[in-house]
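Encoded as structure tokens, the structure appears first; notes follow it.
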There are 2 protein chains.
Amino acid sequence: MADFAQFCNRFFPLEKGVLDELVKNTQTKTFKKGEYILKDGQVCRHLFFINHGLAKSFFMKDGKEFIMRFFAEDFMFSVFDSYVQQTPSNYAIIALEDTTVTLISHDKMEELCKKHHGIEAFFRRLVSLVTIRMMKRISGMLEENAAARYTQFVTENKDIIQRISLGDLAQYLGITQQSLSRIRAQK
Amino acid sequence: MADFAQFCNRFFPLEKGVLDELVKNTQTKTFKKGEYILKDGQVCRHLFFINHGLAKSFFMKDGKEFIMRFFAEDFMFSVFDSYVQQTPSNYAIIALEDTTVTLISHDKMEELCKKHHGIEAFFRRLVSLVTIRMMKRISGMLEENAAARYTQFVTENKDIIQRISLGDLAQYLGITQQSLSRIRAQK
DNA sequence: CCTGTTTTTTACCATATGAGAAAAAATCAC
DNA sequence: GTGATTTTTTCTCATATGGTAAAAAACAGG
């Protein structure tokens, strides 16, 4: 069971009092497998941290589902476009397993960012790392075909790969599940 | 000719003295068409702002070029993975036209972020918007085929589209220039 | 343990895009 | 302005992936 305060200490150490204030302003929620953590069309009003479980963010287009990312234990995330702009989200988040999350509300977080320079810096670091991950994703999508992206995803996500269905993984890779099944068969 | 201070004021207003301090710590450089603004393998030690001109960031793989982004006037950017981690860059930046940039060094910027909460917040906003753009790019690459991505790029970049070669645009879209030529022909 | 549901695999054909080569057009340098 | 270079187009064929359908396998609930 990942702990949010511990995560923070590893991620970006804050002064004791500041960390306490941050943690004090979180709440915890549990979602059953298959439940929406965020529905598309809603404004994403929280940062999330996964204590336990697995989730995906995704969107639909022409009846097809496309997966932006999987989120597992000890990971902090949000739907950043909706969160930052406080506009309705094009993406939804669903729990793929029974999942417990720690939440910080946008308004509180903005308030804390203004109040504590350290939390602002924490947040900058968080978004910076998100950016770096997205750069890698874009590079991978440009340079590699589906088979190579699959192999890479497997090697980089050994820990969660068994927990993700073939269909979900295919939609993350941007191919049909039939194609992914074919790719797997060719090994 | 875009002005950096004006850009800042529009982007994220800082206190007068703070903005002055930021601007005072910039320098200006000019690159001829075709010159490297950053070579891959180098650590990206600056944030960039384009006063005038056009540039692309890209990487090579198996002799093929893949373009991450184009940067035109009045735009602030960096190679964020290399910049944030201060590690050698996998990406290079080349001027596509004679280009003038305003630079802020990483070390100075970090110093200013520590010193002025406002600059930290400025930077958070900058990285947040980068993240949002990258989310859009990833969505687009997942959901749309090359023809649709081309159409969308054109409509969203009317201003610079005539300045980008077909080959470069193809490599941004993740297809060959022959394919893009074919797509264009079908309109 | 059995039954219904979901997930994965397989097969067939259609289509988008890639690779290589070469022609045509546009641009650049002197 | 002219020749050289670069960019764009066109062509042909190969391949990866999509779409549809259906079978097989795995899983879930009573």
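All figures in this text were calculated on a predicted structure; none of them were measured in a lab. To find a chain, count down the sequence lines: A is the first, B the second, and so on, and within it residues start at 1.
Note: OH (B:Tyr150) to P (C:dT17) measures 14 Å, nearest angstrom. Atoms CD (B:Gln178) and P (D:dT9) sit 11 Å apart, rounded to a whole Å. Spacing between atom CG of A:Leu180 and atom C1' of C:dT10 amounts to 14 Å, rounded to whole angstrom units. Put simply, CD1 on B:Ile175 is 18 Å from P on D:dA16, counting in whole angstrom units. Taking atom CD1 of residue B:Ile183 and atom C1' of nucleotide D:dC11, one finds them 17 Å apart after rounding to whole Å. Rounded to whole Å, the distance from CZ on A:Arg184 to C1' on C:dT7 is 11 Å.
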Working for salt bridge (charged side-chain N to carboxylate O under 4.0 Å, His left out), residues A:Glu111 and A:Lys108: CA-CA 5 Å; A:Glu111 192 185 314; A:Lys108 197 67 196 179; 3.1 Å; yes

From CA spacing to verdict: side-chain contact (heavy atoms from CB on, under 4.5 Å), A:Val101, A:Thr99: CA-CA 6 Å; A:Val101 296; A:Thr99 297; 3.9 Å; yes

Derivation and outcome, ring-ring contact (aromatic ring centres under 6.0 Å, His included), residues A:Phe11 and A:Phe122: CA-CA 8 Å; A:Phe11 181 75; A:Phe122 175 107; 5.3 Å; yes

Verdict with supporting geometry, B:Phe66 and B:Gln171, side-chain contact (heavy atoms from CB on, under 4.5 Å): CA-CA 5 Å; B:Phe66 299 92; B:Gln171 280 140 1; 5.7 Å; no

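Residues A:Thr131 and B:Thr131 bring a donor and an acceptor atom of their side chains to less than 3.5 Å of each other. Residues A:Asn51 and A:Thr102 have side chains that bring a donor and an acceptor to within less than 3.5 angstrom of each other. A donor atom on one side chain and an acceptor atom on the other are not found under 3.5 Å apart for A:Tyr172 and A:Arg69. Inspection of the A:Ser179 and A:Thr176 side chains reveals an N or O donor paired with an N or O acceptor under 3.5 Å.
Counting heavy-atom neighbours within 6.0 Å of A:Lys61 NZ, excluding the residue itself, gives a total above 12. For B:Glu15, the CD atom is loosely surrounded, since the number of other residues' heavy atoms within 6.0 Å does not exceed 12.
Among D:dG18, C:dG18, C:dT17, the nucleotide with an atom closest to any side-chain atom of B:Thr176 is C:dG18. Out of C:dT9, D:dT12, C:dA21, the shortest distance to the side chain of B:Arg182 is found at D:dT12.
A heavy atom closer than 4.0 Å to some atom of DNA chain C occurs in A:Ser165, A:Leu166, A:Gly167, these being the qualifying members of residues 158-173 of chain A. Within residues 61-71 of chain A, the residues that have a heavy atom under 4.0 Å from DNA chain D are, in order of number, A:Lys64.
Sorted by first and then second residue, the ring pair (Phe, Tyr, Trp, His ring centres under 6.0 Å) pairs involving residues 94-113 of chain A (not counting sequence neighbours) are A:Tyr83-A:His106. Screening residues 44-53 of chain B for salt bridge (charged side-chain N to carboxylate O under 4.0 Å, His left out), with sequence neighbours left out, gives no hits.
In the hydrophobic clustering of ILVMFWY residues, with side-chain heavy atoms under 4.5 Å counting as a link, A:Leu166 and A:Leu54 come out together.
In this structure, B:Phe7 has its ring center under 6.0 Å from that of B:Phe49.
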Secondary-structure notation, DNA chain D, from Watson-Crick and G-U pairs under 3.5 angstrom (| other strand): ||||||||||||||||||||||||||||||

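Put simply, B:Ser181 has no side-chain N or O that comes within less than 4.0 Å of OP1 or OP2 on D:dT8. For the OP1/OP2 pair of C:dT17 and a distance below 4.0 Å, the side-chain nitrogens and oxygens of B:Ser179 include no atom meeting the criterion.
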Every protein N/O within reach of nucleotides 25-30 of chain C N/O, cut-off under 3.5 Å:
none

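Where B:Asn145 and A:Gln177 each meet DNA chain C at their nearest nucleotide, the meeting point lying more 5' is that of A:Gln177.
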